[in-house]
Asks: 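Can you keep this structure in mind? I'll have questions shortly.
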Protein chains: 2
Amino acid sequence: MSEVFLKDALVTLKESGVRITPQRHAILEFLISSETHPTADEIYKALEADFPNMSVATVYNNLRVFRNAGLVKELTYGDSSSRFDFVTHDHYHIICDHCGKIVDFHHPGLEEVEHLASHVTGFEVNSHRLEVYGTCPECAAGANKAK
Amino acid sequence: MSEVFLKDALVTLKESGVRITPQRHAILEFLISSETHPTADEIYKALEADFPNMSVATVYNNLRVFRNAGLVKELTYGDSSSRFDFVTHDHYHIICDHCGKIVDFHHPGLEEVEHLASHVTGFEVNSHRLEVYGTCPECAAGANKAK
DNA sequence: TTACTTCTTTATAATCATTATAATTAGTTT
DNA sequence: AAACTAATTATAATGATTATAAAGAAGTAA
């Protein structure tokens with residue numbers, strides 16, 4: 001199935017005139033197969049073995065390319081670096097306050113909230129962002145210390 | 001009414017053993033009276049006239065003190081710097097994709113989403129974060145260009 | 001294939017928000 | 001007012017991200 005995602009993504013890129021380089025292929029593949037939501041640096045380090053000469057700038061550049069193509073979403077939390085998430089279908093994130101783990105969960109879109117917000121403020125609404133915070137089962141069970 | 005907020009905030013701080021300095025007073029006052037959700041640098045610049053010798057570090061230090069005391073919330077969006085919001089009662093934000101304006105709106109808490117997330121993922125839920133994005137009336141009316 | 005154009009990568013330096021450090025100053029309590 | 005301690009200041013350090021310029025590779029057309 002991740003095969004399909006990758007193929008679709010490559011088609012999307014080609015259609016918007018973006019060249020498929022080995023680095024782009026690898027970054028996409030890593031993002032799709034990744035359960036975690038990696039930072040740019042994590043991607044860089046993960047691909048170091050296969051691309052010893054790749055520059056960090058390449059990772060950042062291509063994450064921006066993917067974001068502009070709608071393939072990838074950038075997640076900005078309080079901490080220092082952004083995380084990147086391959087866009088599949090709509091899902092939200094729940095984040096552990098202790099270990100930082102991010103888990104996906106599905107929920108129908110919050111159209112009702114969008115409507116209310118639009119009505120009250122006069123904005124034309126495009127999208128929304130929702131995250132839930134808490135403690136993951138592992139941290140709740142073990143006596144894990146806060147990060 | 002902002003008088004009340006300020007007084008309450010000062011009491012809260014004193015109770016947790018935090019000294020009230022002129023700088024802290026001024027930063028709090030500015031945050032409370034501010035309609036926008038300023039960055040640390042904006043606060044720094046706004047108080048430059050009254051505190052010509054104040055250091056940026058003081059602004060950051062005190063924003064952290066306020067955040068730890070629960071008086072201030074830090075908002076991290078995609079852009080480079082955090083914004084700070086004096087916590088009054090629960091509200092959400094709607095943000096203009098074009099000019100970046102942030103407007104408050106009220107909506108009952110999303111307990112139902114929290115419950116679902118908790119049930120599906122096994123997390124203990126503490127809180128959530130929600131933002132709505134769109135185009136503000138001014139940008140929709142004028143031919144304003146995207147930022 | 002060859003040559004050509006354009007986009008991409010690389011290496012490096014620059015930027016900019018935020019934090020750490022150490023010395024000085026100022027709140028608070030007695 | 002004296003003393004104790006926390007806060008401020010000035011400055012340097014850190015660390016993520018972006019800009020730049022030169023070298024390399026994709027796509028294209030002959």
Side-chain angles (χ1 to χ4, degrees), chain A residues 9-28 30 37-69 71-84 100 147, chain B residues 9-28 30 37-69 71-84 100 147:
Chain A
L10 293 175
V11 170
T12 302
L13 286 177
K14 236 175 202 155
E15 279 171 355
S16 46
V18 174
R19 293 180 184 169
I20 310 304
T21 66
Q23 294 89 338
R24 284 181 178 159
H25 194 115
I27 295 172
L28 268 181
F30 180 74
H37 305 70
T39 63
D41 196 59
E42 284 167 1
I43 297 170
Y44 175 64
K45 290 210 164 59
L47 302 180
E48 208 166 35
D50 293 335
F51 297 86
N53 294 321
M54 187 168 63
S55 166
V56 223
T58 299
V59 177
Y60 280 103
N61 287 340
N62 290 330
L63 287 172
R64 181 166 30 194
V65 169
F66 299 157
R67 197 185 48 195
N68 291 341
L71 293 174
V72 161
K73 256 211 287 203
E74 181 173 359
L75 313 173
T76 61
Y77 305 120
D79 53 352
S80 48
S81 41
S82 290
R83 300 187 160 274
F84 295 89
K147 66 167 168 184
Chain B
L10 294 175
V11 170
T12 302
L13 287 177
K14 237 179 201 151
E15 279 171 353
S16 45
V18 174
R19 293 182 183 170
I20 309 304
T21 66
Q23 293 90 336
R24 286 181 176 160
H25 194 114
I27 294 172
L28 268 182
F30 180 74
H37 305 69
T39 63
D41 195 60
E42 284 167 0
I43 297 170
Y44 175 63
K45 290 210 165 59
L47 302 180
E48 207 166 35
D50 293 336
F51 296 85
N53 294 321
M54 185 168 65
S55 166
V56 223
T58 299
V59 176
Y60 280 102
N61 287 340
N62 289 329
L63 287 172
R64 180 166 30 193
V65 168
F66 298 157
R67 197 186 47 196
N68 291 341
L71 293 174
V72 161
K73 255 212 286 203
E74 182 172 0
L75 314 173
T76 62
Y77 305 120
D79 54 351
S80 48
S81 41
S82 290
R83 300 188 161 274
F84 295 89
K147 66 168 167 180

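Throughout, a chain's letter reflects where its sequence line sits, starting with A, and its residues are numbered from 1.
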Asks: Using a cut-off of strictly less than 4.0 Å between a heavy atom of the residue and any atom of DNA chain C, enumerate the qualifying residues of residues 37-49 of chain A by number.
Replies: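 Under 4.0 Å from DNA chain C: no residue of residues 37-49 of chain A.
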Asks: Is there a side-chain contact between Asn62(A) and Leu28(A), using heavy atoms and a 4.5 Å cut-off?
Replies: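 A side-chain contact is absent here, since even the closest heavy-atom pair is not under 4.5 Å.
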Asks: Applying side-chain hydrogen bond (donor to acceptor under 3.5 Å, both in side chains), can you list everything that pairs with Ser82(B), at least two apart in sequence or on another chain?
Replies: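 Per chain and number, Ser82(B) pairs via side-chain hydrogen bond (donor to acceptor under 3.5 Å, both in side chains) with Glu74(B).
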Asks: Residues two or more places apart in sequence or in another chain: which of them pass side-chain hydrogen bond (donor to acceptor under 3.5 Å, both in side chains) with Ser16(B)?
Replies: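 Partners of Ser16(B) under the side-chain hydrogen bond (donor to acceptor under 3.5 Å, both in side chains) test: none.
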Asks: Tell me, do Ile43(B) and Leu63(B) make a side-chain contact under 4.5 Å, heavy atoms counted?
Replies: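 Yes; the side chains approach each other to less than 4.5 Å.
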Asks: Has Ser81(B) got a side-chain N or O lying under 4.0 Å from the OP1 or OP2 atom of dC16(C)?
Replies: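 Negative; the distance criterion is not met.
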Asks: In whole Å, I'd like the distance from the CG atom of Leu28(A) to the C1' atom of dT8(C).
Replies: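 Whole-Å distance recorded here is 15 Å.
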Asks: Quick one: on DNA chain C, does Asn53(A) or Ser80(B) contact a more 5' nucleotide (nearest heavy atom)?
Replies: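 Per heavy-atom nearest nucleotide, the more 5' residue is Asn53(A).
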Asks: Just to confirm, is there a sub-4.0 Å distance from OP1 or OP2 of dT17(D) to any side-chain nitrogen or oxygen of Tyr60(A)?
Replies: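 Looking at the OP1 and OP2 atoms of dT17(D), one of them is under 4.0 Å from a side-chain N or O of Tyr60(A).
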Asks: Find the bend of the helix from dT1(C)-dA30(D) to dT30(C)-dA1(D) as the angle between its two terminal axes (five pairs each), to the nearest 10°.
Replies: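 Here the local axes at opposite ends form an angle of 40°.
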Asks: What's the CG-P distance between Leu63(B) and dA17(C), to the nearest Å?
Replies: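 Going from CG in Leu63(B) over to P in dA17(C) covers 15 Å.
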Asks: For the pair Arg83(A) (side chain) and His37(A) (backbone), establish whether a donor and an acceptor sit closer than 3.5 Å, ignoring hydrogens and angles.
Replies: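 Yes; judged by distance alone, with no hydrogens or angles, the pair exists.
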Asks: So how far is it from Phe66(B) CZ to Asn61(B) CG, rounded to the nearest 0.5 Å?
Replies: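 It is 10.5 Å, given to the nearest 0.5 Å.
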Asks: So, Thr39(B) side chain and Ser81(B) main chain: donor-acceptor pair closer than 3.5 Å or not?
Replies: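 No, Thr39(B) side chain to Ser81(B) backbone: no donor-acceptor pair under 3.5 Å.
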Asks: To the nearest Å, how far apart are His25(A) NE2 and dA26(D) P?
Replies: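 So the two atoms are 13 Å apart, to the nearest Å.
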Asks: What is the separation between atom CG on Leu10(A) and atom P on dG27(D), rounded to the nearest whole Å?
Replies: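 Distance, rounded to whole Å: 12 Å.
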Asks: Starting from C1' on dA7(D), measure out to CD1 on Ile27(B) and report it in whole angstrom.
Replies: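 The answer, rounded to whole Å, is 11 Å.
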Asks: Taking the side chain as everything from C-beta on, heavy atoms only, tell me whether Val59(B) gets closer than 4.5 Å to Leu47(B).
Replies: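 When only atoms from C-beta onward are counted, Leu47(B) and Val59(B) do not touch, as no gap falls below 4.5 Å.
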Asks: When you get a sec, tell me which of dT9(D), dA7(D), dA16(D) is the closest nucleotide to the side chain of Arg24(B)?
Replies: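 Comparing dT9(D), dA7(D), dA16(D) against the side chain of Arg24(B), the answer is dA7(D).
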Asks: Dump the pairs, protein N or O against N or O of nucleotides 28-30 of chain D, anything under 3.5 Å, distances to one decimal.
Replies:
none

Asks: Over how many whole Å does the gap from Asn62(A) atom CG to dT17(D) atom C1' extend?
Replies: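 Rounded to the whole Å, the gap is 15 Å.
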Asks: Measure the distance from CG on Asp79(A) to C1' on dT19(C) and round it to the nearest whole Å.
Replies: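 Taking atom C1' of dT19(C) as the reference, CG of Asp79(A) is at 15 Å.
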Asks: What does the B/S/- profile of nucleotides 20-30 of chain C look like, 5' to 3', with a 4.0 Å heavy-atom cutoff to protein?
Replies: B-----BBS--
